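Here the structure is a predicted model, which is why all the values come from computation and not from measurement. Side chains are part of it too, since the values below use all heavy atoms of this structure and drop only hydrogens, waters and symmetry mates.
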Amino acid sequence: VTYEGLIAVFSAADYTASIEKPVVGNAGKINICVDVLGTETNYAAIKLEIANLIKDYTVAGVVSEGAESSTIVLTNGQSFDFKFHLPDRIETSLRITTVTSRNNKFLIDSADDVKQKLLTNISENYSLGKDFEPEIYFTSSDAPYAGDILLEYSIDSGFTWETEIFESDFDELFEFSVDRVTVIQS
């Protein structure tokens, strides 16, 4: 199965998954990360379901790696461990600055509306293992009144702010909440 196909299998089972890109040093191994907390009350059943997906949809002989593991007995009586990773959840703060165009003819959104639009756009376009690309999550189509828009993120509680693309590993997941979004309008 292709990595895209495996991700689609997880998606069909209502899981978001990401797979580490293959490198020569990892030949014969697969690293899959699944966006679950690991603290769910039915986590044992979830873990077994994920392990069964790995068993059923990865090529025989490929070893799955990760800290989460379930042992499954195959039809021939052999037992194998099927493993996966939980996400490295990164608490992320956002700061969005909009500068109203001098030519504006549109109603200016409230700070709460900006926050809601931004978080909606992120939830629709960002997920586990994807690079975080600040310039795509809030654009002039979201704020036609703005002559300039700057979205910054911080992964160190606001000590430093970044605008560059965050190149994510397969198991990294930025986490956002409305109380960690600052809106500056001028």
Would you say [Y] and [X] are linked by a side-chain donor-acceptor pair, where the criterion is simply a distance under 3.5 Å?
X: Tyr15; Y: Glu49; value: yes
X: Asn42; Y: Glu40; value: no
X: Ser177; Y: Asp179; value: yes
X: Asp156; Y: Thr160; value: yes
X: Asp131; Y: Ser168; value: no

Enter the distance from [X]:[atom1] to [Y]:[atom2] here, rounded to the nearest 0.5 Å.
X: Cys33; Y: Phe10; atom1: SG; atom2: CZ; value: 10.0 Å
X: Lys47; Y: Ser69; atom1: NZ; atom2: OG; value: 7.0 Å
X: Ile165; Y: Lys130; atom1: CD1; atom2: NZ; value: 13.5 Å
X: Glu152; Y: Glu164; atom1: CD; atom2: CD; value: 11.0 Å
X: Asp88; Y: Asp171; atom1: CG; atom2: CG; value: 6.0 Å
X: Trp161; Y: Leu150; atom1: CH2; atom2: CG; value: 10.5 Å

In terms of hydrophobic clustering (I, L, V, M, F, W, Y; side-chain heavy atoms under 4.5 Å; direct or indirect links), are [X] and [Y] co-clustered?
X: Phe82; Y: Val62; answer: yes
X: Val73; Y: Ile54; answer: no
X: Phe138; Y: Leu107; answer: no
X: Ile72; Y: Val59; answer: yes
X: Ile50; Y: Tyr3; answer: yes

Problem - Flag if over 12 foreign heavy atoms under 6.0 Å of CD, Glu135 - result: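 Atom CD in Glu135 is crowded, with more than 12 foreign heavy atoms closer than 6.0 Å.
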
To check you understand the geometry: which heavy-atom pair defines the closest contact between [X] and [Y], and what is its length?
X: Leu128; Y: Thr16; value: CD2-O, 3.9 Å
X: Ser157; Y: Ser154; value: N-OG, 3.7 Å
X: Pro134; Y: Thr163; value: CG-O, 3.4 Å
X: Ser70; Y: Ala51; value: CB-CB, 3.5 Å
X: Leu173; Y: Ser127; value: CD1-C, 3.9 Å
X: Gly38; Y: Leu86; value: CA-CD1, 4.1 Å

Problem - Check: Phe176 ring centroid to Tyr153 ring centroid under 6.0 Å - result: no

Exercise for the section: Start with the C-alpha gap between Glu68 and Tyr43, add the side-chain angles, then the distance that decides, and say whether side-chain hydrogen bond (donor to acceptor under 3.5 Å, both in side chains) holds. Expected result: CA-CA 11 Å; Glu68 303 301 304; Tyr43 183 63; 2.6 Å; yes

Fill in the blank from the handout: Which of Asp142, Ile184, Ile149 passes side-chain contact (heavy atoms from CB on, under 4.5 Å) with Ile96? Answer is Ile149

Donor-acceptor pair, [X] side chain versus [Y] backbone, under 3.5 Å?
X: Ser140; Y: Ala143; answer: no
X: Glu65; Y: His85; answer: no
X: Asn125; Y: Asn121; answer: yes
X: Gln116; Y: Val114; answer: no
X: Ser123; Y: Thr120; answer: yes
X: Asn52; Y: Leu48; answer: yes
X: Glu172; Y: Asp169; answer: yes
X: Thr92; Y: Ile90; answer: yes

Between [Y] and [X], is there a side-chain heavy-atom distance shorter than 4.5 Å?
X: Phe170; Y: Ile32; answer: no
X: Phe80; Y: Lys55; answer: no
X: Phe174; Y: Ile155; answer: yes
X: Val9; Y: Leu53; answer: yes
X: Ile30; Y: Val63; answer: no
X: Arg180; Y: Glu91; answer: yes
X: Lys105; Y: Tyr145; answer: no
X: Ile122; Y: Phe132; answer: yes

Problem - Check ion pair Glu175-Arg89 (N to O, under 4.0 angstrom) - result: yes

